Amino acid sequence: MRKLIISGLTCLLLAFSLSGCEYNSDNKAVESPTAMMKAGLIAQRQTNPYLSYEHNLSVELAKEALDARYKVLTDYCAADRDNNCTILESELSAGNYSYGKIRVRIKPAGVEKFLALAGTDSEITNESTVVEDLSTQIFDTEKRIKLLQSYQENLLDLQKQAKGDIESLIKVSQEIANTQSQLEDLSGNNKALMQRVEMDIINIRLSSRSENSFWQPITTALDEFKTNFAEGIAGAITITAYLIPWLIIFIILFFILRFFWRKLRAKSPKP
């Protein structure tokens, strides 16, 4: 009986150890949602080269570290010539609530490193990627460019044939100029669309952690006391300026009504 119990316990321990190994193996095989999302984005780029990507990252860090992180990111982008990083918008606000905002355009190869730099030693509060398919717009623009180029070639042939006809020559020349203007506009639009698919946009928002100490609201109120007191005086002066004309009118009306009331009382017969 004792041997049977020992054998049973041994089998149970073996089964638990195997299931634990299987669980660990499964965990290693499963990727994190962020890793799976990045793998999906890479697969999308390979499948469709006409996708536009915009990455958004919001991080929260200590108030004293916000200025330094903002400078690190802007300096990094300015120095990253390999990925053609360009700062499109930047803003830094100091005060009771400090925040920073950075918007850059960068090659896809530099996106992950820039995002990692922004999120170092900070709490990521929001992370998202917006993807827009521009293939239809690009194909339509390229098709229109080809049609206009073919039309322009026909116009140039007509221009050669109309050398003797001044009126026809003027009309053809005007149409050539109009076609050339349309071609330049479409080429510019196509270049802008291609830049959107060849370069990614990154929006970084930096915010400071809120202070939860007991004295923080009191300190903030004291800091704002002068401003609030001055605004209160200004509001009182404004209200007084509005009330004075009405007060004068009410006083005048009071004396007029009092005068007529006395007249009526004087004329009324006494009992």
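All values reported here derive from a predicted model rather than from experimental measurement.
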Practice prompt. Would you sort out whether Lys171 and Glu175 count as a salt bridge (Lys or Arg N to Asp or Glu O under 4.0 Å), showing the intermediate values?
Written response: CA-CA 6 Å; Lys171 290 181 180 179; Glu175 190 64 22; over 6 Å; no

Practice prompt. Answer yes or no: is there a side-chain heavy-atom contact under 4.5 Å between Leu243 and Ile239?
Written response: yes

Worksheet entry | Charged N-O contact under 4.0 Å between Arg103 and Glu89 | no

Discussion item. I'd like to know if the side chain of Ser181 reaches the main chain of Ala177, judged simply by a donor and an acceptor atom lying under 3.5 Å from each other, with no hydrogens or angles considered.
Written reply: no

Worksheet item: Going only through I, L, V, M, F, W and Y residues with side-chain contacts under 4.5 Å, is there a path from Leu156 to Tyr151?
Response: yes

Worksheet entry | Donor-acceptor pair, side chain of Arg196 and main chain of Asp200, under 3.5 angstrom | no

Worksheet item: What closest approach, in Å, do Thr47 and Pro49 show between heavy atoms, and which atom pair accounts for it?
Response: O-CD, 3.9 Å

Worksheet item: Can you find a heavy atom in the side chain of Leu206 that is under 4.5 Å from one in the side chain of Lys101?
Response: no

Worksheet item: Ser122 side chain to Gly119 main-chain N or O, any donor-acceptor pair under 3.5 Å?
Response: yes

Worksheet item: What are the two closest non-hydrogen atoms of Leu66 and Ser207, and how far apart are they?
Response: CD1-C, 3.6 Å

Fill in: For the student: nearest non-hydrogen atoms of Gln137 and Thr141, plus distance
O-OG1, 2.7 Å

Worksheet item: Considering only heavy atoms from C-beta outward, does the side chain of Ile145 approach that of Ser187 to under 4.5 Å?
Response: yes

Practice prompt. Locate the shortest heavy-atom distance separating Gly100 from Tyr70; write the atom from each residue and the value.
Written response: CA-CD1, 4.5 Å

Fill in: Short side-chain donor-acceptor distance under 3.5 Å, Asn48 and Asp133
yes

Worksheet item: Can you get from Ile251 to Phe254 by hopping between Ile, Leu, Val, Met, Phe, Trp and Tyr side chains that sit under 4.5 Å apart?
Response: yes

Worksheet item: Under 4.5 Å between any side-chain heavy atoms of Leu57 and Ile202, yes or no?
Response: no

Worksheet item: Does some side-chain heavy atom of Leu117 sit less than 4.5 Å from a side-chain heavy atom of Leu73?
Response: yes

Discussion item. Closer than 3.5 angstrom, by distance alone: can the side chain of Arg105 be matched with the main-chain N or O of Ile87 as a donor-acceptor pair?
Written reply: no

Worksheet item: Which heavy-atom pair separates Thr179 from Leu148 by the least distance, and what is that distance?
Response: CG2-O, 3.7 Å

Practice prompt. Report the residue from Val172, Asn178, Ile170 that forms a side-chain contact (heavy atoms from CB on, under 4.5 Å) with Gln174.
Written response: Ile170

Discussion item. One thing to verify: whether Glu198 and Lys107 come together as a salt bridge, which I'm taking to mean a side-chain N less than 4.0 angstrom from a carboxylate O.
Written reply: no

Item to complete: Decide whether Asn203 and Glu54 meet the rule of one side-chain donor and one side-chain acceptor closer than 3.5 Å.
Response: yes

Worksheet item: Are Val104 and Ile201 joined in one hydrophobic group, where the rule is that I, L, V, M, F, W and Y side chains link up if heavy atoms are under 4.5 Å apart?
Response: no

Worksheet item: Side-chain contact, heavy-atom cut-off 4.5 Å: Val197 with Ile138?
Response: yes

Fill in: Geometric class of the Phe139/Tyr50 ring pair [parallel <30°, tilted 30-60°, perpendicular >60°]
perpendicular

Worksheet item: If we ignore angles and hydrogens, is there a donor and acceptor under 3.5 Å between the side chains of Asn154 and Asp157?
Response: no

Fill in: Short side-chain to backbone donor-acceptor contact, Thr125 and Ser58, under 3.5 Å
yes

Item to complete: For residues Val59 and Arg205, determine if any side-chain heavy atom of one lies less than 4.5 Å from a side-chain heavy atom of the other.
Response: no

Practice prompt. Grab the two heavy atoms, one from Arg69 and one from Ala118, that are nearest each other, plus how far apart they are.
Written response: NH1-O, 3.0 Å

Worksheet item: With a 4.5 Å heavy-atom cut-off, do Ile204 and Leu115 have their side chains touching?
Response: yes

Practice prompt. For atom CZ of Arg262, decide whether the heavy atoms of other residues, nucleotides or ligands shown that lie under 6.0 angstrom number more than 12.
Written response: no

Worksheet item: Relative to the ring of Tyr53, is the ring of His55 parallel (under 30°), tilted (30 to 60°) or perpendicular (over 60°)?
Response: parallel

